[in-house]
Amino acid sequence: MIPMVDLKTQYHDLKSEIDTAVLAALESTQFILGPNVTGFEQEAAAYLGVSHAVAVASGTDALHLAVLAAGVGPGDEVITTPFTFIATAEAICYVGATPVYVDIDPRTFNMNPALIEAAITPRTRAIIPVHIFGQPADMTPIESICARHNLTLIEDCAQSFGASCNGRMTGSIGSLGCFSFFPSKNLGCYGDGGMVTCTTQELADQIKVLRNHGSRVRYHHSVIGYNSRLDDIQAAILRVKLRRIDLFNTERRRVAHLYSELLGDIVTVPYEDCKGVHVYHQYTVLTDRRDAIMAKLSEKQISSAVYYPIPLHKQDVFAEAYAGVALPVAEDVAGRCMSLPVYPEMPEESVRLLAQTVREALAG
Ligand SMILES: *Cc1c(COP(=O)(O)O)cnc(C)c1O
């Protein structure tokens with residue numbers, strides 16, 4: 001059996017450190033906004049090269065609070081990609097704004113910067129590129145478009161902890177960066193968790209107030225906020241794992257590069273933009289014979305998955321409102337993409353067995 005991710009092996013590798021950290025957090029009983037949260041925020045900010053990091057309850061909340069802090073509201077438009085997890089669009093909709101989807105680059109699956117300016121209207125307030133599958137979006141042109149049109153740049157870094165673009169970490173490029181610590185993400189905790197990185201003290205203050213019931217001083221509430229704090233226990237686990245993130249990402253790249261060597265002649269393997277460091281949250285290929293490959297893998301108890309089978313403008317929740325919108329690259333990619341297991345602890349034999357099985361499926 002080969003799973004998509006193997007959280008158990010990773011836990012066993014780190015067990016003594018994680019258990020010690022969790023037990024210490026239990027003993028401290030400072031469960032809400034305790035010392036591990038502050039410690040993790042400082043360590044994560046230092047790692048990412050940002051001045052401020054604010055931990056929240058999930059990646060979805062990170063996006064929601066970032067969109068609010070950017071001042072986006074009812075009637076506004078936010079430009080994003082249709083080839084992402086639904087949470088990117090949900091955050092825009094939560095504040096009463098409208099997602100405007102621009103098509104993707106067929107090589108990187110990231111938002112195509114050449115198509116952004118045609119989508120800007122007087123109502124556009126922000127752009128949310130997603131560093132999909134761990135590959136940084138093409139940020140230089142997106143940054144200049146934001147500067148030229150006075151738009152807030154919010155990065156969706158849920159899949160890209162540790163990825164960089166021209167030597168800058170994802171999450172340090174836009175005004176706000178949104179991370180998820182869902183267990184299977186490159187940096188994952190043991191439940192839900194998230195974080196917003198901010199370039200200014202003012203934005204960090206706003207996120208801190210929003211995550212804690214609109215309150216700066218206890219029982220004084222200046223705005224309507226939310227209950228969206230990272231648990232101290234989760235922060236304790238994240239501090240242990242943050243010390244290993246470069247090793248985890250290096251190992252993901254090792255698995256990905258071996259796949260590409262073994263499969264490059266039979267499927268379209270991931271393209272690595274030379275400007276960035278891809279951290280392979282997913283290893284996603286394109287093939288016209290997805291069903292045959294997935295059936296053969298499943299026969300041998302090898303996992304695979306389709307991220308994402310339906311672009312957002314075609315989802316039931318959006319289909320009617322976006323009936324006239326055609327995004328041919330995202331639609332084509334959704335029909336031909338498939339993701340293979342990739343995790344830091346994946347043994348070389350598993351990668352080789354998997355590649356061999358894909359070959360057999362395509363030969364048969
Ligand atoms: C996982 C993910 C999110 C949401 O994160 P949660 O922590 O699950 O709320 C948002 N955007 C993208 C691209 C993701 O992959």
Side-chain angles (χ1 to χ4, degrees), residues 4-5 7 40 44 53-68 78-95 99 101-102 104 108-111 126-137 139 142 153-163 170-171 173-174 176-197 207 210-211 226-231 234-235 237-238 241 249 252 278-284 305-313 315 317-318 330 333-334 337 339 342-343:
M4 284 303 281
V5 291
L7 297 176
F40 174 68
V54 184
V56 297
S58 71
T60 306
D61 280 5
L63 286 158
H64 179 198
L65 301 191
V67 167
L68 276 172
V78 177
I79 293 173
T80 191
T81 166
F83 195 66
T84 177
F85 181 57
I86 186 82
T88 317
E90 282 175 324
I92 298 166
C93 297
Y94 290 161
V95 305
Y101 300 114
V102 302
I104 58 173
T108 61
F109 313 137
N110 274 319
M111 183 190 285
I127 302 183
I128 309 183
V130 179
H131 307 297
I132 202 75
F133 304 145
Q135 165 122 284
M139 294 305 282
I142 299 177
L153 179 52
I154 302 171
E155 298 173 71
D156 183 337
C157 309
Q159 302 186 2
S160 71
F161 201 104
T170 61
I173 302 165
L176 297 139
C178 305
F179 291 86
S180 164
F181 305 126
F182 186 82
S184 61
K185 300 288 162 93
N186 290 43
L187 180 65
C189 59
Y190 293 168
D192 279 307
M195 183 176 76
V196 184
T197 50
I207 302 287
L210 288 168
R211 78 170 168 184
Y226 299 85
N227 177 347
S228 181
R229 298 160 305 212
L230 180 70
D231 289 340
Q234 299 299 347
I237 293 163
L238 287 165
K241 289 215 202 177
N249 285 336
R252 285 176 177 274
H278 189 330
V279 294
Y280 287 99
H281 175 61
Q282 295 296 342
Y283 183 87
T284 302
V306 178
Y307 305 120
Y308 295 94
I310 305 172
L312 296 188
H313 66 296
Q315 292 286 349
V317 59
F318 290 126
V333 166
C337 61
S339 302
V342 55
Y343 50 91

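The structure presented is a predicted model; accordingly, all values stated were derived computationally and were not measured. Residue numbers run from 1 in the order of the sequence given. Whatever order the structure lists ligands and atoms in, that order sets their numbers, starting from 1.
- Ligand 1 does not have H281 within reach: every non-hydrogen atom of the residue lies 4.0 Å or more from it.
- If you check which protein heavy atom lies closest to atom 15 (O) of ligand 1, you get Q159 NE2, 2.8 Å.
- Near F85, meaning under 4.0 Å from one of its heavy atoms, ligand 1 places the atoms 2 (C), 3 (C), 12 (C), 14 (C).
- Within ligand 1, the atoms closer than 4.0 Å to a non-hydrogen atom of T84 are 13 (C), numbered from 1 in the order shown.
- Remark: side-chain polar atoms of T88 are paired, donor with acceptor, to backbone N or O of F85 under 3.5 angstrom.
- Nearest protein heavy-atom neighbour of atom 2 (C) of ligand 1: K185 NZ, 2.7 Å.
- Residue L63 approaches ligand 1 through these ligand atoms, each under 4.0 Å from one of its heavy atoms: 10 (C).
- Within ligand 1, the atoms closer than 4.0 Å to a non-hydrogen atom of V130 are 13 (C), numbered from 1 in the order shown.
- Between H313 and F318, the ring center distance fails the sub-6.0 Å criterion.
- In this structure, S339 contributes its side chain and V306 its backbone to no donor-acceptor pair below 3.5 Å.
- The six-membered or imidazole ring of Y280 lies away from that of Y343, with a centre-to-centre distance of 6.0 Å or more.
- Closest to atom 4 (C) of ligand 1, if we only count protein heavy atoms, is T60 OG1, 3.6 Å.
- Judged purely by atom type and a 3.5 angstrom limit, R229 has no side-chain atom pairing as donor or acceptor with the backbone of A55.
- Closest heavy-atom approach to atom 12 (C) of ligand 1 within the set A158, S184, S58, A57: this belongs to A158.
- Judged by distance alone, the side chain of N186 and the main-chain N or O of V279 form a donor-acceptor pair under 3.5 Å.
- Remark: ligand 1 atoms within the under-4.0 Å shell around heavy atoms of G59 are 5 (O), 6 (P), 7 (O), 9 (O).
- Considering backbone and side-chain atoms alike, Y308 places every N or O at 3.5 Å or more from each N or O of ligand 1.
- Looking at F179 and E155, their side chains never come closer than 4.5 Å, going by heavy atoms from C-beta outward.
- No donor-acceptor pair under 3.5 Å is formed between the side chain of H281 and the backbone N or O of S160.
- Checked against I128 for a side chain to side chain contact (heavy atoms under 4.5 Å, CB included), the options L153, I92, I79 give a single hit: I92.
- Within the listing of ligand 1, atoms 10 (C), 11 (N), 12 (C), 13 (C) sit less than 4.0 angstrom from a heavy atom of D156.
- Counting heavy atoms only, A87 comes closest to atom 10 (C) of ligand 1 of the residues A87, G194, G134.
- Residue S180 has at least one N or O atom closer than 3.5 Å to an N or O atom of ligand 1.
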